[in-house]
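First up is the structure itself, then whatever we jot down about it.
All ligand and atom numbering here is 1-based and tracks the order in the structure. Model, not experiment: these values are computed from the prediction.
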Amino acid sequence: MRRAYVVSIVGTFEYFLRELAGATLPSIQSSLGFGCARILELASTSSGRKMSELAFQALKGQHYREVFWYNLGRMALLYFMPLLLLTVFFQIEYRRLLRESLRAHLEVIAEHQAKTFDLFLLERAVNLENLIDDPLFPGLEVDEPFLGSLLEDLRLTSDAFVDLGVVSGSGDLVAYVGPVNFPSLVSYENEEWFIDLLAGDRSSIITEIYLGFRDQPHFTIAVRRQGDGGVQVLRSTLSPERLADYLTTLEGAGEVHSAIVNGSGVLQVTTPQVGEPLGVSSFVPPQDTERGFVPGGRGSDAPGYAFAWLGETPWAFIVTSAGSQPGLGVTALPRTISVFTVAIFVLMGFLILFRARKLAERQLASEKHEAELSGQLVQAAKLASVGELAAGIAHEINNPLAIIAEEVGVMQDALDPELIEEDDEPLDVPEHLEAIHEAVFRCRDITRKLLTFVRQAEVKVEPHLIREILDEVLEVMLGNELALSNVEVVRRYDYSIPEILTDRNQLIQVFLNLVKNAMDAMPGGGTLTLTTVRKGERAAISIRDTGCGMTPDQMERVFVPFFTTKDPGKGTGLGLSVSYSIIQSFGGAFYVASAPGEGSTFTVELPLVVS
Ligand code: ADP
């Protein structure tokens with residue numbers, strides 16, 4: 001019975017140790033230190049990875065699109081912008097060149113057509129001159145049949161001739177053949193062209209288009225000669241329609257719209273696309289230049305036009321492009337360029353999309369890796385704390401174990417027949433059992449707390465009072481060490497700070513590290529002051545020691561991973577860097593104030609997120 005009792009006590013203790021470390025019974029029995037090592041091993045298996053996996057999931061969900069769009073925007077700027085600028089530049093240059101070549105082309109056509117038309121008019125005048133200068137020409141005595149035969153000959157050279165008439169020096173129309181039935185013979189005495197012809201040096205004249213006696217738009221072409229009986233004038237009418245037809249036969253006519261205007265812009269010879277004869281054109285070419293180009297108004301519909309003045313008459317040839325803006329058969333080129341450019345842009349777009357996706361994936365993978373590393377770092381720091389705690393825990397557990405061993409020894413002695421003496425007082429079994437019971441439950445408390453710290457890996461956000469977490473660190477985690485040290489603990493808690501939503505385990509890790517550091521900084525003892533105050537929407541927790549303090553150089557580096565001034569095996573340099581990242585992840589702040597020989601104050605600020 002006594003043996004069964006002791007076995008059951010040891011069994012209970014074994015159970016807690018197994019809970020603590022997940023280790024086998026013989027290994028626990030072999031040494032407590034090994035049991036603690038198993039704790040570290042167990043804790044390191046899954047928690048870090050789980051945390052980083054969670055972090056990665058969150059990153060992937062919220063972050064992927066952000067990273068993707070960022071990369072897409074960056075690459076679009078990087079690749080599209082130069083291409084776009086180049087395209088715009090080439091478009092502008094191309095259009096400029098096109099405009100210039102069009103302009104030159106129109107000018108050449110205008111000049112060419114003007115010359116040809118000039119020649120045409122000259123030929124018509126020569127046709128008439130040939131008739132009147134012929135010694136067989138009867139002059140004012142001409143009869144109509146003869147005049148008719150002359151007109152027929154004339155029309156063989158050009159169908160622009162409509163009629164033929166002979167006018168005396170006094171302006172009377174003495175003979176006429178043609179489509180007009182004049183009521184009586186008319187007099188040209190006061191007609192401008194007649195006056196000009198008689199007054200001028202030239203032997204021929206071509207009028208501008210006018211209505212005249214027949215009340216129809218027409219041109220008059222007339223030649224004069226000095227005959228025996230005075231001045232004789234041979235006149236004919238040129239048909240505006242035939243002249244317009246002639247325009248369409250000129251070189252380049254298919255590419256352009258041509259018209260002839262006088263110095264005031266009145267249309268003389270024109271095609272229906274440009275306007276009606278006698279209509280007023282918007283093209284009034286400058287008179288001081290023989291030929292040239294007048295650009296179209298910017299933003300207006302008025303196209304640019306080339307012009308060339310004629311030599312025979314004070315008229316100008318006006319030539320505009322018959323095509324759309326670029327015209328002249330080169331319109332297909334920009335379309336090809338546009339299609340090509342769009343194709344390149346689409347291709348680039350796909351490439352950029354593909355690259356942005358790849359980059360986003362690569363970035364997420366690297367962030368995942370970083371998260372894993374940081375998860376492992378947190379875990380490593382936690383395990384380092386646990387390792388540092390192990391000695392204290394072993395000591396803590398040793399005491400109840402010693403009590404159990406002692407109580408069991410007393411009971412063994414009391415029950416050993418060889419050692420029992422008559423005057424021995426009867427053994428108070430319940431009292432001893434009670435002592436053992438208490439010792440066992442103390443062990444269980446310690447191991448349970450440690451287990452919660454080590455095993456709880458996933459982030460568990462729940463309402464907690466900060467002061468309770470601080471107390472747990474001071475009493476449960478480091479109670480024994482503090483009791484043995486010469487450190488006085490002063491707590492200045494602000495009891496108005498409500499429960500905040502936080503992960504208890506990670507906060508324990510932060511405070512445990514701060515208190516341990518403070519204790520390490522005061523090997524000969526000192527005062528450890530824990531203060532909590534409410535600062536607006538935050539709670540500030542300060543841990544102040546009166547220890548060795550830090551130089552400015554050390555202070556700068558305390559949050560750098562693996563920075564430690566402690567002996568190898570005592571410090572890892574991970575505690576503060578990991579604590580910093582934990583507090584950052586809570587949206588809090590972490591800072592330090594210290595001076596050599598004057599102690600240090602570490603302050604953690606946490607947002608007051610209450611449930
Ligand atoms: P470790 O404690 O393993 O060295 P930490 O990151 O917790 O790693 O601390 C890094 C270093 O910061 C310590 O080695 C020590 O030099 C310095 N330090 C931390 N806390 C204090 C303190 N309260 N007083 C003086 N120095 C400190």
Using a strict 4.0 Å cut-off to heavy atoms of Thr564, name the atoms of ligand 1 that fall inside it.
1 (P), 4 (O), 14 (O)

Residue-ligand contact Gly547/ligand 1, heavy atom below 4.0 Å
no

Looking just at side-chain N and O atoms, do Thr603 and Ser542 make a donor-acceptor pair shorter than 3.5 Å?
yes

Closest to atom 18 (N) of ligand 1 (heavy atoms only, candidates Met550, Lys566, Met519) is Met550

Sidechain N-carboxylate O distance under 4.0 Å for Asp471, Arg491
yes

For His432 and Glu407, does a side-chain donor sit closer than 3.5 Å to a side-chain acceptor?
yes

Is there a side-chain contact between Leu606 and Ile541 (heavy atoms, below 4.5 Å)?
yes

The criterion is side chain to side chain donor-acceptor pair (under 3.5 Å); which residues satisfy it with Ser600, sequence neighbours excluded?
Ser594

Report yes if some N/O of Gln554 lies less than 3.5 Å from some N/O of ligand 1; otherwise report no.
no

What about Leu576: any of its N or O atoms under 3.5 Å from an N or O on ligand 1?
yes

Closer than 4.0 angstrom: is that true for some heavy atom of Phe559 and an atom of ligand 1?
no

Side chain or backbone of Asp520 under 4.0 Å from ligand 1, or both, or neither, by non-hydrogen atoms?
neither

Given Phe590 and Phe559, is the side chain to side chain contact (heavy atoms under 4.5 Å, CB included) satisfied, shown in steps?
CA-CA 10 Å; Phe590 199 176; Phe559 296 117; 3.8 Å; yes

Test of proximity, Thr565 against ligand 1: N or O pairs below 3.5 Å
yes

A student checking ligand 1 against Gly549 at a 4.0 Å heavy-atom cut-off should list atoms 25 (C)

Do Glu605 and Lys535 have side chains that approach each other closer than 4.5 Å (heavy atoms only, starting at C-beta)?
yes

Contacts of Phe80 meeting ring pair (Phe, Tyr, Trp, His ring centres under 6.0 Å) (sequence neighbours excluded), chain-then-number -> Phe345

With a cut-off of 4.0 Å, which atoms of ligand 1 are near a heavy atom of Val558?
12 (O), 17 (C)

What atoms of ligand 1 come within less than 4.0 Å of a heavy atom belonging to Asn513?
7 (O)

